[in-house]
**Student:** 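Submitted below is the structure of interest, expressed as C-alpha cells.
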Number of protein chains: 2
Amino acid sequence: MKKTSGEILKSSSLSITDGRKKILDIFLSAPNALAHQDIELKCKEKFDRVTIYRTLQAFLEKGIIHTIPSSDNITRYALCNDDCIDSGHHHDNHVHFSCDECGKTICLDETAIPSVRLPNGFRAHQINMIVSGVCKSCL
Amino acid sequence: MKKTSGEILKSSSLSITDGRKKILDIFLSAPNALAHQDIELKCKEKFDRVTIYRTLQAFLEKGIIHTIPSSDNITRYALCNDDCIDSGHHHDNHVHFSCDECGKTICLDETAIPSVRLPNGFRAHQINMIVSGVCKSCL
DNA sequence: AATCATTTTGCAACAAAGTTGCATTATTTC
DNA sequence: GAAATAATGCAACTTTGTTGCAAAATGATT
Ligand SMILES: [Mn+2]
Ligand SMILES: [Mn+2]
Ligand SMILES: [Zn+2]
Ligand SMILES: [Zn+2]
C-alpha cells in the first residue's frame, strides 16, 4: 500500500502545506525524474518559483527525493525509496538512465551500481552511474 | 612526447589564436578538471567570458576535452585522451572522482567503468560513473 | 474554537551562468 | 600583402538559483 503525500510529509516532520502536497503528488505520479522547470510548468500559476526551490530543498534534506547528476547541467529529482526517509541519509544505489530520444531520465531501481576498484588512496563515499542511450519506450 | 597546444589545435583544424592556446595550456598543466569559472579566474583580464564559453564549446566538439557530470550543477571539463581527437567522437570510458574535501574533480584514467546489465529494452550508448569521497591528497 | 508561536510563502531584488547578434579584429588562404 | 574567412569583444538578454523581509498559513496550547 502506497503512502499518500500527506503521510509522507507527516512522517518526515514537515508541515503540511498545499504547495508541498501538490509537488509531492507530482512526484508520486511521475514516471520519470523531474527538473525544477518541469515542476514549475505543472504548477506555475499556483506557486512561486522560490517556493518550488525551497520545497525541493526541504524534500532533499528529508530524504524524500534525490538528485541525479547529468551532463546537461540540469538538476533532476526523483523519489527515494523509503529507507532514505527513515535513515536520514541517502543511499540510492541504483543506476540512472537518460534517453537521448525522449530526453527523459528514469531511475532503474532494480539495477544496482556495480562495484569498482579505485586506485590506492581514494576512499569512496558515494557512487553515481548514469547511462545514456535509448529507453524502452523509444526503441 | 607530449603535444603542445599549438599542435593539438592544428591537428583539430582549429585556427590558432591566443585565447585558444592559453586555455588549452591551462588544461595541459591542470592536475584536475576545470569549471568555466576556474578558467575565467586564470585569464579573466585577458579574454572575454563569451570567448571562454565559445572556446570550450569548440574544444568539446573537436574531442579535445570532455564534460564531467556532477551533482552540484557545475560543468567541469578535462582533457580527452588522443583517441577522441582523432576519431571525432568521445569515448572516455574512465571513472571520475570528486573529492568532498578539496572539491576537486579528477579523471581516473586507469580505472575503467565496470559494465552493467540493463533491464530489457534499454540500449546503452554512453556510461558515466562519478565516485565521490576523499581523494589521495586529502586522506 | 480562539490565540499565539513558529513556519512557510510570495514578492522584490539580486547574483551567477549561459546565449545571441553584430561590428571589429585577427587568422588563414591565395 | 590582399582578400576571404573565422574569432573576438561588447552589449543585451534569458535562465537559473539565492536572499531578506513582510504577509499568510500552519501547528501547538489553552
Ligand atoms: Mn534514482
Ligand atoms: Mn575524464
Ligand atoms: Zn526515451
Ligand atoms: Zn581532495
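Values reported hereafter were calculated over all heavy atoms of this structure, with side chains retained and with hydrogens, waters and symmetry mates removed. In this text the structure is predicted, and so the values were computed from the model without any measurement. In what follows, every chain begins at residue 1, and chains take the letters A, B, ... in the order their sequences are listed.
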**Student:** Restricting to non-hydrogen atoms, name the atom on Asn120(A) and the atom on Lys136(B) that form the minimum distance, rounded to 0.1 Å.
**Tutor:** O-CE, 3.7 Å

**Student:** Over how many whole Å does the gap from Asp38(A) atom CG to dT16(D) atom C1' extend?
**Tutor:** 14 Å

**Student:** Between dT7(C), dT9(C), dC10(D), which one does the side chain of Ser15(A) approach most closely?
**Tutor:** dT7(C)

**Student:** Which nucleotide, dT19(C), dT16(D), dT8(C), lies nearest any side-chain atom of Arg20(A)?
**Tutor:** dT8(C)

**Student:** Rounded to whole Å, how long is the line connecting atom CG of Asp18(B) with atom C1' of dG9(D)?
**Tutor:**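 Between C1' of dG9(D) and CG of Asp18(B): 14 Å.
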
**Student:** Is the His36(B) ring parallel, tilted or perpendicular to the Tyr53(B) ring (thresholds 30°, 60°)?
**Tutor:** parallel

**Student:** Suppose we call a contact any N or O donor and acceptor under 3.5 Å apart; does that hold for the side chain of Arg49(A) and the base of dG17(D)?
**Tutor:** yes

**Student:** Take Thr55(A) and Val50(A), find for each the nucleotide of DNA chain C with the closest heavy atom, and name the residue whose nucleotide sits nearer the 5' end.
**Tutor:**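 Going by which nucleotide is closer to the 5' end, it is Thr55(A).
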
**Student:** Within this structure, what is the CG-to-C1' distance between Leu41(B) and dA16(C), rounded to whole angstrom?
**Tutor:**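 These atoms are roughly 13 Å apart.
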
**Student:** Would you classify Arg54(A) as touching base, sugar-phosphate or nothing, given that sugar-phosphate means primed atoms plus P, OP1 and OP2, and contacts are heavy atoms under 4.0 Å?
**Tutor:**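 Result for Arg54(A) = base.
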
**Student:** Would you mind reading off the distance between Ile23(A) atom CD1 and dT8(C) atom P, rounded to a whole angstrom?
**Tutor:** 13 Å

**Student:** Do the side chains of Ser11(A) and Lys3(A) get nearer than 4.5 Å, heavy atoms only?
**Tutor:** yes

**Student:** Tell me what Lys46(A) touches on the nucleic acid: a base, only sugar-phosphate, or nothing, going by heavy atoms under 4.0 Å.
**Tutor:**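 Sugar-phosphate, no base atom in range.
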
**Student:** On DNA chain D, does the nearest nucleotide to Ile52(B) precede the nearest nucleotide to Glu40(A) from the 5' side, or the other way round? Give the residue.
**Tutor:** Ile52(B)

**Student:** Side chain of Asn73(A): nearest nucleotide among dG17(D), dG18(C), dT26(D)?
**Tutor:**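 The nucleotide sitting nearest to the side chain is dG18(C).
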
**Student:** Whole angstrom is fine here: how far is it from CG in Asp48(B) over to P in dG21(C)?
**Tutor:**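 Taking atom P of dG21(C) as the reference, CG of Asp48(B) is at 17 Å.
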
**Student:** Heavy atoms under 4.0 Å, any strand shown: does Ile16(B) hit a base, just sugar-phosphate, or nothing?
**Tutor:** sugar-phosphate

**Student:** Please state how far atom OH in Tyr53(A) lies from atom C1' in dC14(C), giving the value in whole angstrom units.
**Tutor:**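 Computing the Tyr53(A):OH to dC14(C):C1' distance gives 14 Å.
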
**Student:** Looking only at heavy atoms, which two atoms of Ile68(B) and Ala78(B) are closest? And how far apart?
**Tutor:**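 So the minimum-distance heavy-atom pair works out to CD1-CB, 4.1 Å.
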
**Student:** Expressed in angstrom and rounded to an integer, what is the separation of Leu24(A) atom CG from dT8(C) atom C1'?
**Tutor:**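 My rounded result for the distance is 16 Å.
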
**Student:** Check this one for me: any side-chain N or O of Thr17(B) less than 4.0 Å away from OP1 or OP2 of dT8(D)?
**Tutor:** yes

**Student:** Nearest-Å distance, CD1 (Ile74(A)) to P (dT16(D))?
**Tutor:**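 The distance from CD1 of Ile74(A) to P of dT16(D) comes to 7 Å, rounded to the nearest Å.
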
**Student:** Would a line drawn from the ring center of Phe97(A) to the ring center of Phe122(B) be shorter than 6.0 Å?
**Tutor:** yes

**Student:** Taking only side-chain nitrogens and oxygens of Thr51(A), does any of them come within less than 4.0 Å of OP1 or OP2 of dG10(C)?
**Tutor:**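 Yes, because at least one side-chain N or O of Thr51(A) sits under 4.0 Å from OP1 or OP2 of dG10(C).
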
